[in-house]
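Just so we're on the same page: letters track the sequence lines, and every chain starts at 1.
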2 protein chains.
Amino acid sequence: MTEDPTPAAAEQPHGPAASTGPTDPADSTGPTDPTAPAGPGAVPESAPRRQRADARRNLDSLLEAAKAVFITSGVDAPAKEIADLAGVGVGTLYRHFPQRSDLVKAVFQREVDACVAAGPALSANHAPGTALTEWIDRYTEFLATKRGLATALHSGDPALEALPAYFMERVGPTLGALLDAAAASGEIRADVTPRDLLLAVAGLCAPVDHEGAAFSRRMVAFLMDGLRYGAVPPEPRG
Amino acid sequence: MTEDPTPAAAEQPHGPAASTGPTDPADSTGPTDPTAPAGPGAVPESAPRRQRADARRNLDSLLEAAKAVFITSGVDAPAKEIADLAGVGVGTLYRHFPQRSDLVKAVFQREVDACVAAGPALSANHAPGTALTEWIDRYTEFLATKRGLATALHSGDPALEALPAYFMERVGPTLGALLDAAAASGEIRADVTPRDLLLAVAGLCAPVDHEGAAFSRRMVAFLMDGLRYGAVPPEPRG
DNA sequence: AACCTAAGCGGAAAGCTATTCCGGAACTAT
DNA sequence: ATAGTTCCGGAATAGCTTTCCGCTTAGGTT
């Protein structure tokens, strides 16, 4: 039961938040250097043989195939379809990504990180309220154009239940900062958490998918207006 | 292969809208007239033998079982679970409800109709904006407390794709009237369609399910505030 | 260059669920 | 009671996911 998942996507302490170190995407040669190439006086007797070259190649093929298939068939496309396109057996796919959410995370990590990274720049160049709106727009665009991603975020499927937590952990801090700033400047109400918005936006992006992202954008815009409404009541009394 | 689906829930012309004639709920003797009820000059010699008593009994058992299972396991519980609880074989379930959406429709028809029926009373006793809000609250409560219903409304599952259309057709007219009135009185913006709201509310109710309806209520409230914001800009210029 | 070893591979097998099919049981009218 | 249907139940079929395991082969060793 309590095994250790997290295959390709290693674990992160908590969150680099708005920092610049986005957690190496589908990182390959990255920090995945377990066996110390030449440890000074490191434990000698453990040379796990490294990782084989073909294994890395297959992993890359899988990521590329998954990216393509996710676009054409959505994130819940049959595993076989992805494996076939990658030219490997399903066994290989499952060894690299025991949970489907691992694959989804790996495929979108780059884009999620880009969203996160955009936060600081927005706060620096815009008023808090504008920064928040622009960021949400970007996030909405991301979710709404990834067939099935938004739905996957609250599908209930056990193989995907790690996704919401992942998103929360990843973009939570950034969004939190934007929200706090906007609330502090009085541009939006203060009783909204990052979690609220993340879930709400995901919900509003889900129905769409094949309807065009236009619907999602409009609805999210309404929601954001709602946040403003709470902060600036049209009839300030006494 | 183009058979005729729509088992228990026969088809409706269009929509009694806010009318009082809600389309007989788990209606039995109702419009379940398969081969021409009594065509004027239709083939006379056809006394369809009525419907067998045990068949009706099984159908009732199924509806009751489904209602119970939907609460405990959500609307996407295994068909077998429902059939077992009803004490019938799965074949029987599928004969009565060829599409899963047929079963879902039949189970919730009563409540959906109640929502629809509440529309006129609300408009009669409240200001347009209030009536709209109250109605949406009620609708939200309904969706948010039916495990999996909101998700089912845009799951993409082919067996459920008839649901959104059904809801749209059923509650669309009522919501449309409420929206029009509220827009006419200047309480909300005018560029929102019943479809928009129905889908958006469903989306906002979906993530929740097992989180309590509180989240859904809050988010929907934000959305409604957003509609007001558009109609009553906080800083009327010019 | 030949050899060894275990990392890694592929696809068959096992497990689920949905959906269809059909022989036979049960009901209704006569 | 009998005939004629309607219905039932569950076995059979089909599509997926996920696991397992013998064979292949990369890559270090001699």
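When the salt bridge (Lys or Arg N to Asp or Glu O under 4.0 Å) test is applied to Asp54(A), the partners found at least two apart in sequence or on another chain are Arg52(A). Partners of Lys80(A) under the side-chain hydrogen bond (donor to acceptor under 3.5 Å, both in side chains) rule, at least two apart in sequence or in another chain, are Asp84(A). Judged as a side-chain hydrogen bond (donor to acceptor under 3.5 Å, both in side chains), and not counting sequence neighbours, the contacts of Arg218(A) are Asp196(B). The side-chain contact (heavy atoms from CB on, under 4.5 Å) search around Ala177(A) returns none, not counting sequence neighbours. Applying the side-chain hydrogen bond (donor to acceptor under 3.5 Å, both in side chains) criterion to Glu111(B), with sequence neighbours excluded, gives Lys146(B). Remark: Glu64(A) engages no residue in a salt bridge (Lys or Arg N to Asp or Glu O under 4.0 Å) (not counting sequence neighbours). Listed by chain and number, the residues in a side-chain contact (heavy atoms from CB on, under 4.5 Å) with Asp157(B) are Ser155(B), Ala159(B), Leu160(B) (sequence neighbours excluded).
Between the CD atom of Gln51(A) and the P atom of dG28(D) there is a distance of 13 Å, given to the nearest Å. Atom pair Leu93(A):CG and dG11(C):P shows a separation of 14 Å (rounding to whole Å applied).
In the region residues 80-88 of chain B, proximity to DNA chain D at under 4.0 angstrom, judged on heavy atoms, holds for Gly87(B), Val88(B).
You'll find that the side chain of Arg52(A) is closest to dA26(D), out of dC9(C), dA26(D), dC7(D).
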Check the interface with nucleotides 18-22 of chain D: list each N/O to N/O pair with the protein under 3.5 Å, or write none.
{"from": "dT18(D)", "atom 1": "OP2", "to": "Tyr94(A)", "atom 2": "OH", "distance (Å)": "2.9"}

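A salt bridge links Arg170(A) and Asp113(A); the closest N-O separation between the charged side-chain nitrogens and carboxylate oxygens is under 4.0 Å.
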